[in-house]
**Student:** 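Dropping a structure here in structure tokens format, bear with me for questions.
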Amino acid sequence: MKKPTPNEIGQGYDAFTDLLDQLWGENLHHGYWEDASDDVSVKDAADRLTDKLAGLLTIEPGDRLLDLGCGIGEPAIRLATAHKIEIVGVSISGRQVERAHDRAVSAGLADRLSFQLADAMDLPFPEESFDIVWALESLHHMPDRAHVLRQATRVLRPGGRVAIGDFMLQPSADGYEAGAARVNEASKGVLSVIGRDAYLAMIREAGLVPVASEDVSRHTRPSWVKAGERFAALREQAVPHIGEEQFDLTLARFRAFSEEPALGYALLTARKPS
Ligand SMILES: C[S@@+](CC[C@H](N)C(=O)[O-])C[C@H]1O[C@@H](n2cnc3c(N)ncnc32)[C@H](O)[C@@H]1O
């Protein structure tokens, strides 16, 4: 199935950024719930996922972090609030970049946070210019994860770190390939997944050394259920933007993903050799 191009992904986010606020809030990534009795809000659960990923990294004061696929800047604002670091965020959506900038100004962080429109497939930064590359739920959109990881290695200084939150293929009863095909089909190519071993091999091939890998599928899975419920409640606002057919397809997708055993989620970190 043909994956949407970065421009198509950007246009989609440009069109839906305000609707996404109503659906999920400022974080455009999954939440982390401890167990079935955990009733924290979507906002708190999503912040928790940001914190879990950050907790797998060493972050030093003065570090320069590149946020690949920064959304409207919420994870960057949270990271910059918790740590005295500088962050450059890139997104393929111009509307997100504008909003991320305005939100950084409102948070009083514009001296350390900046955002720009750029394609992570072709990063406009010099070699060895960052201490950390951070990609929270953005690599799955990109046409070639391996290429983006090589770009990340290029812009990292020796000893620099990478933090990734991404969908990850899980073994299912009918095998890896059948699971991957179902996910690909249900998402119409928007969400491609690979298994853990393939992911770690890709990280190594990009010139990085895997450090941590945590399967958080069980904790993030409620996100699909909640997104489906919330999306269903937004029918009146959403249909004028995306039409009835697209609305029903998207809702069906959330429901299919919430029941898809092959669709997992992992947090990964790696480092560039010194
Ligand atoms: C699911 S959102 C996650 C946003 C953010 N990381 C967060 O957690 O709130 C995916 C992000 O990846 C960005 N993205 C997708 N493809 C991209 C590309 N080729 N280059 C740069 N950003 C891209 C989107 O514009 C969007 O900001």
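Start at 1 and go down the list; that is how both ligands and their atoms are numbered. Keep in mind that the numbers below use all heavy atoms, side chains included, and drop hydrogens, waters and symmetry copies. On a predicted model such as this, the values are computed, not experimentally measured, just so you know.
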**Student:** What residues form a side chain to side chain contact (heavy atoms under 4.5 Å, CB included) with R99, not counting sequence neighbours?
**Tutor:**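 R99 satisfies side chain to side chain contact (heavy atoms under 4.5 Å, CB included) with T17, D18, D21, I72, R95 only.
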**Student:** Indicate whether any N or O donor in one side chain lies under 3.5 Å from an N or O acceptor in the other, for T220 and H29.
**Tutor:**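 The criterion, which ignores hydrogens and geometry beyond distance, is not satisfied for H29 and T220.
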**Student:** Would you list the pairs meeting ring pair (Phe, Tyr, Trp, His ring centres under 6.0 Å) in which at least one residue belongs to residues 106-128, sequence neighbours left out?
**Tutor:**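 Output for this query lists F125-F130.
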**Student:** Under a 4.0 Å N-O cut-off, is there an ion pair linking D44 with R48?
**Tutor:**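 No, D44 and R48 are not salt-bridged.
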**Student:** Less than 4.0 Å between a side-chain N and a carboxylate O, is that true for K43 and E74?
**Tutor:**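 Salt bridge flag = yes for K43 with E74.
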**Student:** Any protein N or O within less than 3.5 Å of an N or O in ligand 1? List each pair with its distance, or say none.
**Tutor:**
from: ligand 1; atom 1: 6 (N); to: G69; atom 2: O; distance (Å): 2.7
from: ligand 1; atom 1: 6 (N); to: L136; atom 2: O; distance (Å): 2.8
from: ligand 1; atom 1: 8 (O); to: H29; atom 2: ND1; distance (Å): 2.6
from: ligand 1; atom 1: 9 (O); to: L28; atom 2: N; distance (Å): 2.8
from: ligand 1; atom 1: 19 (N); to: D119; atom 2: OD1; distance (Å): 2.8
from: ligand 1; atom 1: 20 (N); to: A120; atom 2: N; distance (Å): 2.8
from: ligand 1; atom 1: 22 (N); to: I92; atom 2: N; distance (Å): 3.3
from: ligand 1; atom 1: 25 (O); to: S91; atom 2: OG; distance (Å): 2.9
from: ligand 1; atom 1: 25 (O); to: Q96; atom 2: OE1; distance (Å): 3.1
from: ligand 1; atom 1: 27 (O); to: G71; atom 2: N; distance (Å): 3.0
from: ligand 1; atom 1: 27 (O); to: Q96; atom 2: OE1; distance (Å): 2.6

**Student:** Name all pairs fulfilling the side chain to side chain donor-acceptor pair (under 3.5 Å) condition that reach into residues 228-249, sequence neighbours left out, sorted by first residue then second.
**Tutor:**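 Counting only pairs at least two positions apart or across chains, the side chain to side chain donor-acceptor pair (under 3.5 Å) contacts touching residues 228-249 are Q22-Q237, R235-E244, R235-D248, Q246-T250.
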